[in-house]
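Chain identifiers are assigned alphabetically (A, B, ...) following the order of the sequence lines, protein sequences preceding nucleic acid strands; residue numbering begins at 1 within each chain.
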Amino acid sequence: MTSDVQQQPKKADFIRDSVKADISSGRHYGRVQTRFPPEPNGYLHVGHAKSICLNFGIAEEFGGFCNLRFDDTNPETESVEFVNSIHHDIEWLLGKTLSKEPLFASDYFENMFEWAVTLIKRGKAYVDDQDAATISELRGSYTQAGENSPFRERSPEENLELFLKMKDGGFAEGSCVLRAKIAMDHENMNMRDPVLYRIRKKSHFRTGNKWVIYPTYDWAHGQSDALEKVTHSLCTLEFESHRLLYDWFLEQLEVPIDQRPYQTEFARLNFTHTVLSKRLLKKLVEDGVVAGWDDPRMPTISGLRRRGYPSKSIRNFCQHIGIAKTNSTHEIELLESFVRTELNQSSQRRMAVIDPVRLTITNWPEGKIEYRTAINNPENESAGTRDIPFSGSLFIEREDFKEDPPAKFFRLSPGREVRLRYGYFVTCTDIVKDKSGKVVEILCTYDPATSGGKAPDGRKVKATIHWVEQTNCIKGSVATYDRLFSSERPDLLDDPFEDLNKESLEVLESAVFEPAVADVASNEVVQFERLGYFCRDESQVNLFHRTVGLRDEWANIQKRNKSK
RNA sequence: UGGCCCGUAGUUCAACUGGCGGAACGCCUGGUUUUGGUCCAGGAGGUUGCAGGUUCAAGUCCUGCCGGGCCAGCCA
């Protein structure tokens, strides 16, 4: 069983506390509704996973509902390709198909337009003919009040006429905008007459050419929440200063207090050794640093999926890290530990040698093949056993042999005896080198009496190593992955791309696998014993991606010696 | 020379209305083990950002500092 600690941490955080408080105070008559509102202009990454787990999790825990709503208010960057990938990624992450079709902010364009008309009629919005640069300039600064636009005092009638003309395409892009009329000297910059509508004569992937005016985030988001009767609108910290505006709109629109959604902000997720901004992720793809959005090194949901991360481990991770308002960066190792915990339970074991060197047993009967029984998953007896061919001609891992073994190296070296996993004890008697001095073959003798894995005389070996029989092996390749960026916080660097880890991908093309590796399905993750967890690529034949390595004490020992 | 938010082990989070500062990951030691994995037992690691104040008692309440984040897109 997965450890209870990682499986069932108590769920409590300031957001869940406030939801509970709202339920007991009857704020929304006990109703709980959330939403996950991605903009379809890129792929989802682990940062989004936190928000997805939060929003869908809270809805489930409190008997409510969570909408998937695409925030598609900007026709210039959005596309149906992203809608599909996001939808798919969410269902994969949650491990279930959504019970309701996704919603779109663009479906509310008509409602938002009507509400904007209401605002205009009440003298709370006006059409401004200033250009973007002038609006920005007159907005003032943090320490200086802004100035009113010369168009600020237009009458509701004039504003309405102009707004209708905007809607009907009577004005050029950028020639005017609709602004809320709040206060140009407000200490919160978002309240200094924010823009509600801008003109974009672009085709929208859902509404086509029906609209030429598009609502901004501030105008679209809260109103969409209200229309859907969302109760708890959860977003990340950078929207904190927008909350005042969010509430102002609902107030002006006279949305009844017991029906109003409330915005609560939490800290977004960051990880060491990677970047999570859409801009940088896009650049990694466009510059060809990675092979695509689903490159196994990418922190995208699709990248992690291809890498073999079980969705459950990501969910468990999100549950474990909790929700807070502190800006924080998680060690990527923590996520990896959740992946290992999950995979240790679920994955079958196989043997593979990814950097092979020949091992010949000199006293093995010529041509004899013997079948050895191996356990498929020691954590799950029902996974059964399989038989693996064994002979005097094997491959072992080059790393498992050292001619001059350093301290604490327990594996094979001249004169030393080790156990071959599920095989026999073998002792290295000689080695063969090529002209360059590279070891090409290791000669051993085996002890037939150690067939059971133990020596009848009670002598012990300090190591068990894995192997693959030569004549029956499957040949293939293995891709191992390392951090994409060398430093812990590449996002803090002036140019994160100077920090790229050039060795983030290594392809070993002469890997060999035991015959039962043929049973491993596409996208299935198996543990290659002593190496780590590996996921079979879905298209390339006999290519395995290393999901994550096993915890490796020998690596720690070497690291410690190095730093001494 | 503004406003808002945030400071608890290396990291990320806990600590009900003030009541003996805990956990996970990482690290170290030992045990088990036909994976240097898993599992089990134990350990190190904290001036709760700093300084005052209130109180029998402060991580928690008050004041002032310090450090970090966000905000001046017709992006979200």
**Request:** Would you indicate what Gly532(A) reaches in the nucleic acid, counting non-hydrogen atoms under 4.0 angstrom: base, sugar-phosphate, or nothing?
**Result:** nothing
**Item:** Gap between atoms NE2 and P, on His320(A) and A24(B) respectively (whole Å)
**Value:** 9 Å
**Item:** Qualifying residue, where the test is ring pair (Phe, Tyr, Trp, His ring centres under 6.0 Å) with Phe513(A) and the options are Phe544(A), Trp467(A), Phe395(A)
**Value:** Phe544(A)
**Side-chain donor/acceptor of Asp71(A) to backbone N/O of Pro38(A), under 3.5 Å** = no
Could you write out each protein N or O paired with an N or O of nucleotides 68-76 of chain B at a distance under 3.5 Å?
{"from": "G69(B)", "atom 1": "O2'", "to": "Asn327(A)", "atom 2": "ND2", "distance (Å)": "3.2"}
{"from": "A72(B)", "atom 1": "N7", "to": "Tyr142(A)", "atom 2": "OH", "distance (Å)": "2.6"}
{"from": "G73(B)", "atom 1": "OP2", "to": "Ser136(A)", "atom 2": "OG", "distance (Å)": "3.1"}
{"from": "C74(B)", "atom 1": "OP1", "to": "Arg139(A)", "atom 2": "NH2", "distance (Å)": "3.1"}
{"from": "C74(B)", "atom 1": "OP2", "to": "Arg139(A)", "atom 2": "NH2", "distance (Å)": "3.0"}
{"from": "C74(B)", "atom 1": "O2'", "to": "Arg200(A)", "atom 2": "NH2", "distance (Å)": "3.2"}
{"from": "C74(B)", "atom 1": "N4", "to": "Gln130(A)", "atom 2": "O", "distance (Å)": "3.0"}
{"from": "C74(B)", "atom 1": "N4", "to": "Ala132(A)", "atom 2": "N", "distance (Å)": "3.2"}
{"from": "C74(B)", "atom 1": "N4", "to": "Gly174(A)", "atom 2": "O", "distance (Å)": "3.3"}
{"from": "C75(B)", "atom 1": "OP1", "to": "Arg200(A)", "atom 2": "NH2", "distance (Å)": "3.3"}
{"from": "C75(B)", "atom 1": "OP2", "to": "Arg198(A)", "atom 2": "NE", "distance (Å)": "3.1"}
{"from": "C75(B)", "atom 1": "OP2", "to": "Arg198(A)", "atom 2": "NH2", "distance (Å)": "2.9"}
{"from": "C75(B)", "atom 1": "O3'", "to": "Arg198(A)", "atom 2": "NH2", "distance (Å)": "3.2"}
{"from": "C75(B)", "atom 1": "O2'", "to": "Asn74(A)", "atom 2": "ND2", "distance (Å)": "3.3"}
{"from": "A76(B)", "atom 1": "OP1", "to": "Thr73(A)", "atom 2": "OG1", "distance (Å)": "2.7"}
{"from": "A76(B)", "atom 1": "OP1", "to": "Arg198(A)", "atom 2": "NH1", "distance (Å)": "3.3"}
{"from": "A76(B)", "atom 1": "OP1", "to": "Arg198(A)", "atom 2": "NH2", "distance (Å)": "2.9"}
{"from": "A76(B)", "atom 1": "OP2", "to": "Tyr217(A)", "atom 2": "N", "distance (Å)": "2.9"}
{"from": "A76(B)", "atom 1": "O3'", "to": "Asp71(A)", "atom 2": "OD2", "distance (Å)": "3.2"}
{"from": "A76(B)", "atom 1": "N6", "to": "His242(A)", "atom 2": "NE2", "distance (Å)": "3.3"}

**Asked** Can you find a side chain N or O atom of Lys454(A) that sits less than 4.0 Å from OP1 or OP2 on U34(B)?
**Response** yes
**Request:** Return yes if some donor-acceptor pair links the side-chain N/O of Asn159(A) with the main-chain N/O of Val127(A) below 3.5 Å, else return no.
**Result:** yes
**Request:** Check whether the ring centres of Tyr446(A) and Tyr424(A) lie less than 6.0 Å apart, and answer yes or no.
**Result:** yes
**Asked** Whole Å only: how far is the CG atom of Asn344(A) from the P atom of U38(B)?
**Response** 7 Å
**Asked** How are the rings of Tyr217(A) and His221(A) set relative to one another: parallel (under 30°), tilted (30 to 60°) or perpendicular (over 60°)?
**Response** tilted
**Prompt:** Which part of the nucleic acid, if any, lies within reach of Arg243(A) when heavy atoms closer than 4.0 Å are counted: base, sugar-phosphate only, or nothing?
**Reply:** nothing
**Prompt:** Short question: side chain of Arg35(A), backbone of Leu234(A) - any donor-acceptor pair under 3.5 Å?
**Reply:** yes
**Complete:** Protein-proximity profile, nucleotides 26-32 of chain B, B/S/- by nucleotide at the 4.0 Å heavy-atom cutoff, equals SSS----
**Item:** Atom pair distance, as rounded to whole Å: CG in Asn377(A) and C1' in U38(B)
**Value:** 10 Å
**Prompt:** Is the gap between the ring centers of His320(A) and Phe317(A) under 6.0 Å?
**Reply:** no
**Prompt:** Which base, if any, makes a Watson-Crick or G-U wobble pair with G22(B), both distances under 3.5 Å?
**Reply:** C13(B)
**Asked** Using atom C1' of each nucleotide, how far apart are A57(B) and C65(B) to the nearest Å?
**Response** 26 Å
**Request:** From the options C13(B), G36(B), C25(B), select the nucleotide whose nearest atom is closest to the side chain of Trp554(A).
**Result:** G36(B)
**Message:** Classify Ser347(A) by what it touches in the nucleic acid, base, sugar-phosphate, or nothing, heavy-atom distance under 4.0 Å.
**Reply:** nothing
**Message:** Against Ile465(A), only a single residue in Arg421(A), Arg530(A), Arg419(A) fulfils side-chain contact (heavy atoms from CB on, under 4.5 Å); can you say which?
**Reply:** Arg530(A)
**Asked** Between G19(B) and C13(B), how far is it from one C1' atom to the other, in whole Å?
**Response** 23 Å
**Asked** Where the side chain of Arg419(A) is defined as all heavy atoms beyond and including C-beta, which of C6(B), G37(B), U34(B) is the nearest nucleotide?
**Response** U34(B)
**Prompt:** Across the strands shown, which category fits Phe528(A) at heavy-atom distances under 4.0 angstrom: base, sugar-phosphate, nothing?
**Reply:** nothing
**Complete:** G52(B) glycosidic conformation (syn if within 90° of 0, otherwise anti) is anti
**Prompt:** Donor-acceptor pair under 3.5 Å: do we get one between Gln527(A)'s side chain and the base of U35(B)?
**Reply:** yes
**Fill in**
To the nearest angstrom, the NE2-P distance between His273(A) and U11(B) comes to 14 Å
**Message:** Just to verify, which of Arg350(A), Met351(A), Glu397(A), Glu399(A) counts as forming a side-chain contact (heavy atoms from CB on, under 4.5 Å) with Leu531(A)?
**Reply:** Glu397(A)
**Message:** If I pick the C1' atom on G3(B) and the same atom on U8(B), what distance separates them, to the nearest angstrom?
**Reply:** 27 Å
**Prompt:** How far, in whole Å, is G31(B) from U17(B) if one measures between their C1' atoms?
**Reply:** 46 Å
**Message:** Output the rounded distance in Å from CZ (Phe534(A)) to C1' (G37(B)).
**Reply:** 13 Å
**Asked** Taking the C1' atom of each, how far is U29(B) from U34(B), in whole Å?
**Response** 24 Å
**Message:** Whole angstroms only, please: what is the CD1-P distance between Ile323(A) and C6(B)?
**Reply:** 15 Å
**Message:** Rounded to whole Å, please give me the gap between CZ in Phe14(A) and P in G7(B).
**Reply:** 10 Å
**Span that lies between the P atom of G30(B) and that of G49(B), in whole angstrom** = 36 Å
**Message:** For the aromatic rings, using the six-membered ring if either is Trp, is the centroid distance between Tyr422(A) and Phe390(A) under 6.0 Å?
**Reply:** no
**Prompt:** What does Thr272(A) touch in the nucleic acid at a heavy-atom separation under 4.0 angstrom: a base, only the sugar-phosphate, or nothing?
**Reply:** nothing
**Asked** Side chain of Ile321(A): nearest nucleotide among U12(B), U34(B), A24(B)?
**Response** U12(B)
**Message:** Between Arg179(A) and Pro194(A) (side chain of the first, backbone of the second, donor and acceptor by atom type, cut-off under 3.5 Å), is there such a pair?
**Reply:** no
**Request:** Compare the minimum distances between each of C25(B), G37(B), U12(B) and the side chain of Pro378(A), then state the nucleotide with the smallest one.
**Result:** G37(B)
**Asked** Taking any strand in view, what nucleotide pairs with C65(B) in a Watson-Crick or G-U wobble way, both distances under 3.5 Å?
**Response** G49(B)
**Request:** Applying ring-ring contact (aromatic ring centres under 6.0 Å, His included), run through Phe113(A) and Tyr197(A) and close with a yes or a no.
**Result:** CA-CA 9 Å; Phe113(A) 174 78; Tyr197(A) 277 97; 7.2 Å; no
**Item:** Nearest-Å distance once atom P is located in both U32(B) and C40(B)
**Value:** 16 Å
**Item:** C1' gap between U48(B) and G21(B), integer Å
**Value:** 8 Å
**Prompt:** Between atom CZ in Arg421(A) and atom C1' in G36(B), what is the gap in whole Å?
**Reply:** 13 Å
